[in-house]
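Hydrogens, waters and symmetry mates are skipped; everything else that's a heavy atom, side chains included, is used.
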Amino acid sequence: MIDVDVLRKDPGRIEQNLGRRGNPAYLTLFAEARAKDEAWRAARVEADRLRQRRNDLGRRIALERARGAVPAELEAEARSIPTALREAEAREGEQRRARDALLMRLPNLMDESVPAGKDDSENAVVATWGTPAGPNPALRAHGEVLEALGMAEFDRAHRASGSGFYYLTGPIVLLDLALQRFALDLLVERGYLPVAPPYLLRREPYEGVTDLADFENVMYKVEGEDLYLIATSEHPLAALYHGEILDEDRLPLRLAGLSPCFRKEIGGHGVDQKGIFRVHQFQKVEQFVFCRPEESAGLHEELRANAEEIVRRLGVPYRVVNVCTGDLGTVAAKKYDIEAWFPRQQAYREVVSCSNCTDYQARRLGIRMGKAGRPGKVVPHTLNSTAVATSRTMAVILEQYQQPDGSVTVPEVLRPYLGGRDSLRPVGPKA
RNA sequence: GCUGAGGUAGCCUAGUCCGGCAAGGCGCCAGCCUUGAAAGCUGGUGGCGGUUCCGCCACGGGAGUUCAAAUCUCCCCCUCAGCGCCA
């Protein structure tokens, strides 16, 4: 959320930044927010004046009564205040709520280094690693590989839960766990605190961590309850210190969240419709950081380096893109995506998203920083990045590591987590 | 789910019955004292608006009664405890 202080003191900076998004609606919203702020302050002055008079009269009435009788003209004036004040306060509240509602709809201010572009085709490649394998007609889609291994039930899952869901069975389940443990161990070694968060959040903290459109498009709501299934552990981790003051001597705070993720949105259908690339539910290990504002740019690079290392140690070629203005979304000030090379699709596809959200989430969540016993007004920054999303990572492993005999080689770094197992082989027929 | 107790400044608490400028402690900051520190003593210590200074607000949120609400009435939210249910 945009700082009201900046809205007043440096509106040009905000306009210039919003302008880069190429969506004139934002400039209109911002202009309205400024007008409402102006109107709120005017209404505020008026209401303050009336309240002052009311308090003044109240004190004198109490005094006069203690001395005997209350003069009639004093009472008459006192009686005239409430109506006028009610109106003034109604205006004040209305303008303030309108301003805040507008501010909640505005996106975060973007970092200077975000490249201009209309959509994901214009994201800027900032790094590549490994050699992308050339076309190989023998390669099968990851979903087919899984079925051939006898380790997935897609049709039955669709009947039980609908499309976008899946059963995994047998050793692939252990591979899923191995990926989570591998990522978690790497982060713990680097000083991240593992966190198992709640998988459902109330709406109020949820509005702090994401933009409001997500409630319709992405989030599953529990019927009859004020609860939403989390779309990523980023959300409960951000909400962890909701309404609190963080001790700045203990920043940065590095967290490693572990949770399933639930998402309604399912995108376009492609060749790999049957599979686990784009699904309603998946496991993810997430990096999350609370830090001082001046540290966030550096920590963004740290999160990216951790995420890159995980993909690299899995032996999967990838590239990193700096997500452009048209593709950035409302919460992040800057975002890197890591795109793994899917050899069958002959395409780089997103497996990691690494964002610096600056003060957008923290301000909406009412989080501040301060030293012990001395609350401050400074709002900390938050960052988040995938460490590993197992569904997509397993998908790329299944594409890249599949063998002509139908088995799938296990990436070396995962073998210790699988009791030394070096490949996944077809399991016997099931019922 | 039921019953009860709670929500007051960064933290802890008084005030609520009986309406009239929110008291105190801790922490924090400054000064005094000290070789230095601690202790002790003194003062300060929230948000917002207009801004030499003043004012308003702030007692979980909202509505109502009243000249006046932390205090009375109603609605809602959250936390804790006990009980119930339960992997």
Side-chain angles (χ1 to χ4, degrees), chain A residues 1-9 11 33-101 103-104 196 198-209 221-228 236 239-251 253 260 290 292 359 362-380:
Chain A
M1 189 164 74
I2 285 165
D3 188 348
V4 184
D5 224 45
V6 180
L7 172 143
R8 286 179 201 151
K9 289 180 181 147
R34 281 185 75 190
K36 294 293 179 193
D37 183 55
E38 201 74 35
W40 170 70
R41 280 145 75 199
R44 170 77 198 250
V45 169
E46 172 66 10
D48 269 6
R49 198 181 57 76
L50 284 162
R51 278 188 289 252
Q52 180 179 6
R53 188 68 188 145
R54 177 198 63 191
N55 294 345
D56 215 42
L57 289 167
R59 277 190 284 272
R60 281 166 60 189
I61 286 171
L63 210 70
E64 295 289 350
R65 172 179 301 167
R67 276 210 297 239
V70 179
E73 76 273 12
L74 216 58
E75 258 192 53
E77 190 187 350
R79 263 191 255 283
S80 75
I81 300 253
T83 316
L85 183 58
R86 223 188 308 274
E87 282 168 22
E89 285 184 332
R91 266 199 306 280
E92 184 191 1
E94 189 187 329
Q95 300 301 329
R96 196 200 64 234
R97 277 188 294 273
R99 179 197 71 187
D100 291 347
L103 286 176
M104 286 293 272
Y199 303 156
L200 297 102
L201 281 185
R202 292 207 304 257
R203 179 157 187 138
E204 194 254 345
Y206 224 127
E207 285 182 348
V209 301
K221 185 183 192 320
V222 178
E223 193 179 352
E225 306 268 348
D226 177 28
L227 285 173
Y228 295 81
L240 176 59
Y241 297 115
H242 175 222
E244 294 194 45
I245 292 158
L246 303 181
D247 181 351
E248 61 184 75
D249 291 332
R250 297 187 55 191
L251 299 179
L253 229 69
F290 291 98
R292 299 180 177 83
D359 60 5
R363 177 167 290 110
R364 290 163 75 107
L365 287 164
I367 300 173
R368 289 177 290 160
M369 330 181 333
K371 290 195 189 275
R374 218 178 346 150
K377 284 210 275 184
V378 178
V379 175

- For the side chain of A:Arg44 and the base of B:C48, is some donor closer than 3.5 Å to an acceptor across the two?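 Pair found.
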
- Message: At less than 3.5 Å, do the side-chain atoms of A:Arg51 and the base atoms of B:C57 form a donor-acceptor pair?
- Response: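 No such pair is found, so the answer is no.
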
Taking the side chain of [X] as its heavy atoms from C-beta onward, which of [options] lies nearest to it?
X	options	value
A:Ala62	B:C56, B:G20, B:C67	B:G20
A:Arg368	B:U65, B:A69, B:G10	B:G10
A:Arg59	B:C67, B:C56, B:C57	B:C56
A:Trp40	B:C48, B:U65, B:C67	B:C48
A:Arg202	B:U79, B:C57, B:C48	B:U79

Nucleotide [N], atom [atom2] - distance to [atom1] of [X] in whole Å:
X	N	atom1	atom2	answer
A:Asp249	B:C28	CG	C1'	13 Å
A:Leu63	B:C67	CG	C1'	14 Å
A:Glu89	B:G62	CD	P	11 Å
A:Leu74	B:C67	CG	P	13 Å
A:Arg53	B:C57	CZ	C1'	20 Å
A:Asp56	B:C56	CG	C1'	13 Å
A:Glu94	B:G62	CD	C1'	16 Å

- Query: Under the criterion side chain to side chain contact (heavy atoms under 4.5 Å, CB included), which of A:Arg86, A:Arg51, A:Arg53 is the partner of A:Ile81?
  - Reply: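 Of the listed residues A:Arg86, A:Arg51, A:Arg53, the side chain to side chain contact (heavy atoms under 4.5 Å, CB included) partner of A:Ile81 is A:Arg53.
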
Counting only Watson-Crick pairs (N1-N3 plus N6-O4 or O6-N4) and G-U wobbles (N1-O2, O6-N3), all under 3.5 Å, who is the partner of [N]?
N	answer
B:G55	B:C48
B:C21	none
B:A9	none
B:G82	B:C2
B:U16	none
B:C32	B:G40
B:A70	none

Give me the distance, rounded to whole Å, that separates [N] from [M] when you measure between the [atom1] atoms they each carry.
N	M	atom1	value
B:C57	B:A68	P	12 Å
B:U45	B:G10	P	14 Å
B:U3	B:G40	C1'	50 Å
B:U66	B:G60	P	24 Å
B:A23	B:C59	C1'	13 Å
B:U35	B:G43	P	25 Å
B:G64	B:G82	P	39 Å
B:A22	B:A30	P	29 Å

- Quick check: does any side chain N or O of A:Arg368 sit under 3.5 Å from a backbone N or O of A:Glu244, one acting as donor and the other as acceptor?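 Looks like no, no N/O pair under 3.5 Å.
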
Report which part of the nucleic acid [X] touches: base, sugar-phosphate, or nothing (heavy-atom distance under 4.0 Å, all strands).
X	value
A:Glu75	nothing
A:Arg49	nothing
A:Lys371	nothing
A:Ile245	sugar-phosphate
A:Asp226	nothing

- Message: Any heavy-atom pair between the side chains of A:Leu246 and A:Phe290 that's under 4.5 Å?
- Response: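 Yes, close enough: below the 4.5 Å cut-off.
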
Charged N to carboxylate O below 4.0 Å: is that the case for [X] and [Y]?
X	Y	value
A:Glu46	A:Arg49	yes
A:Asp3	A:Arg363	yes
A:Arg34	A:Glu38	no

- Nearest heavy atoms of A:Asp37 and A:Arg99, plus distance in Å: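 Scanning both residues completely, I find the closest heavy atoms to be OD1-NH1, 2.8 Å.
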
